[in-house]
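One structure is given here, and the rest of the page talks about it.
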Amino acid sequence: MAMIDAGTKTGRMLVYRHSLAVRLSHWVNVLCLTVLLFSGLQIFNAHPALYWGQYGADNDPSFISMEAAEDGSQVKGLTHVGSFTFDTTGFLGVSNVDGEATARGFPSWLTVPSYQDLSTGRRWHFFFAWLFVLNGSVYLLNGLISRHFRRDLAPEGKELTLAHLGHEVVNHARLRFPKGAEARHYNTLQKLTYLVVIFLLLPLMVATGLTMSPGFNAVAPWLLDIFGGRQSARTLHFLTAFSLVTFVVVHVAMVILSGVFNNLRSMITGYYAIEQGDEQ
């Protein structure tokens, strides 16, 4: 995140916050992850249950599952998480399709395509999965060559002290965002979060996705041993995806609360405005 003064204007200064490569990869990822999520839920609906191990079928104990169950003259949706069961009628297990209660893991407005079609969902998922991998590879290569990771994301020793981390947590909880010179750089919580997402969650999502492919198992059978079987990989893939959804929700909330126009401009043009008074 190179910072180059772009000039001053009426009490504010524009700084160059995001490189072109970072901005392009960011928006391609937005597209890819959106389609991957919705098409992934379409695939999940074909068998809305997660298992641990190599095998998984209707009669095997599941880690998470959704089902439609008859309740007298009505049908209700049930979501099972371990030994707990929740009534999720109208959303998970059973949702309204064309005015009728229909058995579905996730509702039609959360899947691509909206109607139940495993084959089409898989095509969408695989196409954008490889686009995502290609985009991520270019981003990683650029980050290493430009030293973006070392310069902008690697936290300094003093930033990792409990006192400093505690101070940043309190500031975030109170919605006190960095001002002036501090706004020129990622804060420690941002650095640690981005490192976890870039170097842990995203690679884990890709690796578990490849582990579920019988064709790729022939190339790298050791992936099945690492993740404890294809069904374990599917469960980890699902949980990783929703960890990324949680990250995106928090990320978007912070963008809105800290100045949506300023943040969007910086991710479109690269330039971020800092009020001169904040430098004091």
Side-chain angles (χ1 to χ4, degrees), residues 1-6 8-41 91 106-107 109-112 128 132 135-136 139 143 148 152-153 155 159 164-202 205 239-280:
M1 184 174 62
M3 298 297 180
I4 303 173
D5 293 347
T8 59
K9 180 181 178 181
T10 321
R12 70 175 184 176
M13 177 171 61
L14 291 178
V15 296
Y16 192 63
R17 193 174 192 183
H18 300 296
S19 68
L20 178 62
V22 169
R23 301 195 315 269
L24 287 177
S25 62
H26 173 274
W27 292 115
V28 172
N29 272 345
V30 169
L31 172 64
C32 289
L33 290 175
T34 299
V35 178
L36 285 172
L37 173 64
F38 293 157
S39 59
L41 296 183
F91 181 48
F106 285 91
W109 56 270
L110 270 178
T111 66
V112 171
F128 280 92
F132 171 74
N135 182 61
Y139 171 77
H148 168 61
D152 301 320
L153 295 182
E159 293 180 305
H164 182 82
L165 291 173
H167 177 70
E168 288 202 357
V169 169
V170 170
N171 282 341
H172 271 71
R174 295 179 177 178
L175 301 181
R176 295 177 179 175
F177 300 106
K179 302 291 185 180
E182 291 184 359
R184 291 170 171 258
H185 308 281
Y186 294 123
N187 60 58
T188 311
L189 294 182
Q190 286 177 307
K191 291 179 180 180
L192 293 177
T193 302
Y194 293 155
L195 288 174
V196 168
V197 170
I198 294 170
F199 294 107
L200 178 61
L201 291 183
L202 294 180
M205 187 172 71
L239 295 177
T240 301
F242 274 86
S243 296
L244 289 172
V245 170
T246 301
F247 161 75
V248 170
V249 170
V250 175
H251 177 68
V252 171
M254 291 297 102
V255 166
I256 294 173
L257 292 172
S258 63
V260 62
F261 176 76
N262 202 19
N263 284 305
L264 280 178
R265 177 180 52 202
S266 71
M267 194 49 73
I268 295 174
T269 68
Y271 290 100
Y272 184 83
I274 294 179
E275 298 298 326
Q276 286 186 315
D278 292 339
E279 297 279 10
Q280 299 175 357

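- Here the closest non-hydrogen pair linking L153 and K191 is O-CB, 3.3 Å.
- Between atom SG of residue C32 and atom CG of residue L37 there is a gap of 13.0 Å, rounded to the nearest 0.5 Å.
- Going from atom OH of Y271 over to atom OG of S266 covers 12.5 Å, rounded to the nearest 0.5 Å.
- Looking at heavy atoms from C-beta onward, T111 lies out of side-chain contact with S39 at the 4.5 angstrom threshold.
- H167 NE2: 12 or fewer foreign heavy atoms inside a 6.0 Å radius.
- Evaluation of the ring pair (Phe, Tyr, Trp, His ring centres under 6.0 Å) rule for Y194 yields Y186 as partners, not counting sequence neighbours.
- The nearest pair of heavy atoms linking N135 to S25 is ND2-O, 3.1 Å.
- Distance CD1/I274 to CG/N262: 8.5 Å, rounded to 0.5 Å.
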Open item on the list: Using the rule given for side-chain contact (heavy atoms from CB on, under 4.5 Å), can you reason through L33 versus F128, listing the C-alpha separation, both sets of side-chain angles and the distance that settles it, and then say yes or no?
Closed with: CA-CA 8 Å; L33 290 175; F128 280 92; over 6 Å; no
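- Counting heavy atoms from C-beta outward, V28 and Y139 have side chains that stay 4.5 Å or more apart.
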- [ ] Could you check N187 against H172 for side-chain contact (heavy atoms from CB on, under 4.5 Å), going step by step and ending with a plain yes or no?
- [x] CA-CA 10 Å; N187 60 58; H172 271 71; 3.4 Å; yes
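- In this structure, R23 and H18 approach most closely via the heavy-atom pair NH1-O, 2.8 Å.
- Not counting sequence neighbours, Y272 has no partner by the ring pair (Phe, Tyr, Trp, His ring centres under 6.0 Å) test.
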Review item, side-chain donor-acceptor pairs of residues 242-260, under 3.5 Å, at least two apart:
unit_1 : atom_1 : unit_2 : atom_2 : d
S243   : OG     : L239   : O      : 2.9
T246   : OG1    : F242   : O      : 3.0
S258   : OG     : M254   : O      : 2.6
S258   : OG     : N263   : ND2    : 2.9

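- For the atom pair CH2 of W27 and CE of M267, the computed distance is 7.5 Å after rounding to the nearest 0.5 Å.
- Summarising the geometry, atom NE2 belonging to H164 is positioned 3.5 Å from atom CD belonging to E168; distances are rounded to the nearest 0.5 Å.
- The CG atom of L165 sits 6.5 Å away from atom CG of L189, with the distance rounded to the nearest 0.5 Å.
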